[in-house]
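See structure below.
Protein chains get the first letters and strands the later ones, always in sequence-line order, with residue 1 at the start of each.
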Amino acid sequence: MPELPEVESLRRLLIESARGRTIVCARISEARLRRSVSRDLPDTIAGRTILEIGRRAKYLLLGLSGKMTLLVHLGMSGSLTHRGRDFRDSDFHPAHDHLRFELDDGTALVYNDPRRFGLMKLVASAELAQTAELRELGPEPLENDFNADYLFENTRGRKAAIKNLLMDQKLVAGIGNIYACEILYAAKVRPGRAGARITRAEAERIAAFTKRILSRAIGSGGTTFRSYRDSRGQPGRFLSSLQVYGRDGEKCYACGSAIKLKVLGQRSSFYCPTCQR
DNA sequence: CTTATGGCCTGTCAGC
DNA sequence: TGCTGACAGGCCATAA
């Protein structure tokens, strides 16, 4: 589910609602996520205050008092909701509420994840950059070190499809299947094209549209294609801005051609055979 | 080093 | 209606 724009939207909401709150107690009802959540996580985080809420790639970083950081990854189907008295939980099956953090104002942060592909891990803040999950990530796509030069240089000699390279977290961090398709449509490049065959001009367009599309998606609270919900339980509003993702067989908004679906590296890719070359 | 593949899980939907 | 198989926004381990 969540790619960079969804996690960033979540981060912004949690800054407003949860920053400064203290975790009174934590409970795990299902520890088996992608990796098992440490059994002593509840004892370790109880009593700590949420001081900062950051993000790296698709990881949400909850900076806690006592110099610890809680790493949260939502996998495909995870959500982190901040539940108060008026929270409507009808979209969340209680059987998949795996972790629950009670806060000092009577609200709770709840991690729900039907497929359990997510991750929840506590690390010392000083070692954050060196932790296994973050250590090898590529640049943030919205930062200046991700640009046309970087993309052009780092796709030389790469045979893999450009779409798969955009989703390679070591090359650039935070882009997943939906946004990779949308970026390449905007840049007029077919998803199956080998990285090495991307021209300088195309690298310029891909880098520019990466920034534009991700920024706009953040502005719309992310994309809910199926199940993504933000910390209030609300869907993102970027779905209606999608040009190709999930639209196979439908008409390209620009030229009217039928959008095609092709599987690349086990993932569906959507593109316009006329607009993208 | 790069690339391809299967696996992790459950829910949903299309087709029979 | 009920079953089966395919597929889903991510990532990792393994093998070639």
- [ ] Compare all side-chain heavy atoms of A/Pro42 with those of A/Cys25 and state whether any distance is below 4.5 angstrom.
- [x]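 A/Pro42 does not reach A/Cys25 side chain to side chain.
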
With rounding to the closest Å, how many angstrom separate the [atom1] atoms on [N] and [M]?
{"N": "C/dG9", "M": "B/dT3", "atom1": "C1'", "answer": "23 Å"}
{"N": "C/dG5", "M": "B/dG7", "atom1": "P", "answer": "16 Å"}
{"N": "C/dC3", "M": "B/dC9", "atom1": "P", "answer": "25 Å"}

Where do N or O atoms of nucleotides 12-16 of chain B meet protein N or O atoms at under 3.5 Å, pair by pair?
none

Open item on the list: If you count heavy atoms of other groups shown closer than 6.0 angstrom to CZ of A/Arg277, is the number above 12?
Closed with: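 Yes - once you tally the heavy atoms of other residues, nucleotides and ligands closer than 6.0 Å, there are more than 12.
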
- [ ] Check the surroundings of atom NZ in A/Lys260: do more than 12 heavy atoms from other residues, nucleotides or ligands lie under 6.0 Å from it?
- [x]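 Open.
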
Counting heavy atoms from C-beta on, name the nucleotide in [options] closest to the side chain of [X].
{"X": "A/Tyr245", "options": "C/dG9, B/dC9, B/dG11", "value": "C/dG9"}
{"X": "A/His73", "options": "B/dT10, C/dA8, C/dG10", "value": "C/dG10"}
{"X": "A/Lys58", "options": "B/dG11, C/dC11, C/dG9", "value": "C/dC11"}
{"X": "A/Glu3", "options": "C/dC12, B/dG11, C/dG10", "value": "C/dG10"}

Any side-chain donor near an acceptor of the partner, [X] and [Y], under 3.5 Å:
{"X": "A/Ser9", "Y": "A/Asp230", "result": "no"}
{"X": "A/His82", "Y": "A/Ser17", "result": "yes"}
{"X": "A/Asn177", "Y": "A/Lys163", "result": "yes"}

Minimum heavy-atom separation for [X] to [Y], with atom names?
{"X": "A/Gly195", "Y": "A/Leu165", "result": "CA-CD1, 3.6 Å"}
{"X": "A/Ala31", "Y": "A/Arg39", "result": "CB-NH2, 3.7 Å"}
{"X": "A/Ile218", "Y": "A/Pro5", "result": "CG1-CA, 3.7 Å"}

TODO: Report yes if the distance between the aromatic ring centroids of A/Tyr185 and A/Tyr179 is under 6.0 Å, otherwise no.
DONE: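 When the ring centroids of A/Tyr185 and A/Tyr179 are compared, they turn out to be at least 6.0 Å apart.
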
In this structure, how many angstroms lie between the [atom2] atom of [N] and the [atom1] atom of [X], rounded?
{"X": "A/Leu33", "N": "B/dT10", "atom1": "CG", "atom2": "P", "result": "12 Å"}
{"X": "A/Glu136", "N": "C/dA13", "atom1": "CD", "atom2": "C1'", "result": "14 Å"}
{"X": "A/Arg34", "N": "B/dT10", "atom1": "CZ", "atom2": "C1'", "result": "17 Å"}
{"X": "A/Leu119", "N": "C/dG9", "atom1": "CG", "atom2": "P", "result": "20 Å"}
{"X": "A/Gln169", "N": "C/dA13", "atom1": "CD", "atom2": "P", "result": "15 Å"}
{"X": "A/Arg229", "N": "C/dA8", "atom1": "CZ", "atom2": "P", "result": "19 Å"}
{"X": "A/Asn177", "N": "C/dG9", "atom1": "CG", "atom2": "P", "result": "5 Å"}
{"X": "A/Arg116", "N": "C/dG10", "atom1": "CZ", "atom2": "C1'", "result": "16 Å"}

Open item on the list: Distance to the ring centre below 6.0 angstrom and angle to the axis at most 45 degrees; does that hold for A/Arg200 and A/Phe152?
Closed with: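 That pair qualifies as a cation-pi contact.
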
TODO: Could you provide the dot-bracket string of DNA chain C, using ( ) for intrastrand pairs, [ ] for crossing pairs and | for bases paired to another strand, with Watson-Crick or G-U pairs below 3.5 Å?
DONE: .|||||||.|||||||

Open item on the list: Taking only side-chain N and O atoms of A/Thr223, does any of them lie within less than 4.0 angstrom of OP1 or OP2 on C/dG9?
Closed with: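 Indeed not, no polar side-chain atom of A/Thr223 lies that close.
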
Open item on the list: Less than 4.0 angstrom between a side-chain N/O of A/Arg115 and OP1 or OP2 of C/dG10, yes or no?
Closed with: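 A/Arg115 to C/dG10 OP1/OP2: no side-chain N or O under 4.0 Å.
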
Open item on the list: Under 4.5 Å between side-chain heavy atoms, counting indirect links through other Ile/Leu/Val/Met/Phe/Trp/Tyr residues: same cluster for A/Leu242 and A/Tyr253 or not?
Closed with: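 No, it is not one cluster - the side chains of A/Leu242 and A/Tyr253 are not joined through contacts under 4.5 Å.
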
Open item on the list: Please classify the nucleic acid contact of A/His96 as base, sugar-phosphate, or nothing, using heavy-atom distances under 4.0 Å.
Closed with: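 Touches sugar-phosphate only.
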
Nucleotides 2-5 of chain B: which of its N/O atoms have a protein N/O under 3.5 Å away?
residue: B/dT3; atom: OP1; partner: A/Lys159; partner atom: N; Å: 2.5
residue: B/dT3; atom: OP1; partner: A/Ala160; partner atom: N; Å: 2.9
residue: B/dT3; atom: OP2; partner: A/Arg158; partner atom: NE; Å: 2.6
residue: B/dT3; atom: OP2; partner: A/Arg158; partner atom: NH2; Å: 2.5

TODO: Kindly say whether A/Pro139 contributes a backbone atom to a donor-acceptor pair with the side chain of A/Asp145 at under 3.5 angstrom?
DONE: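 Checking the backbone N and O of A/Pro139 against the side chain of A/Asp145, no donor-acceptor pair under 3.5 Å is found.
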
- [ ] Flag as yes if A/Phe117 stacks onto the base of C/dG10 (centroids under 5.5 Å, planes under 30°), otherwise no.
- [x]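 The ring of A/Phe117 is stacked on C/dG10.
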
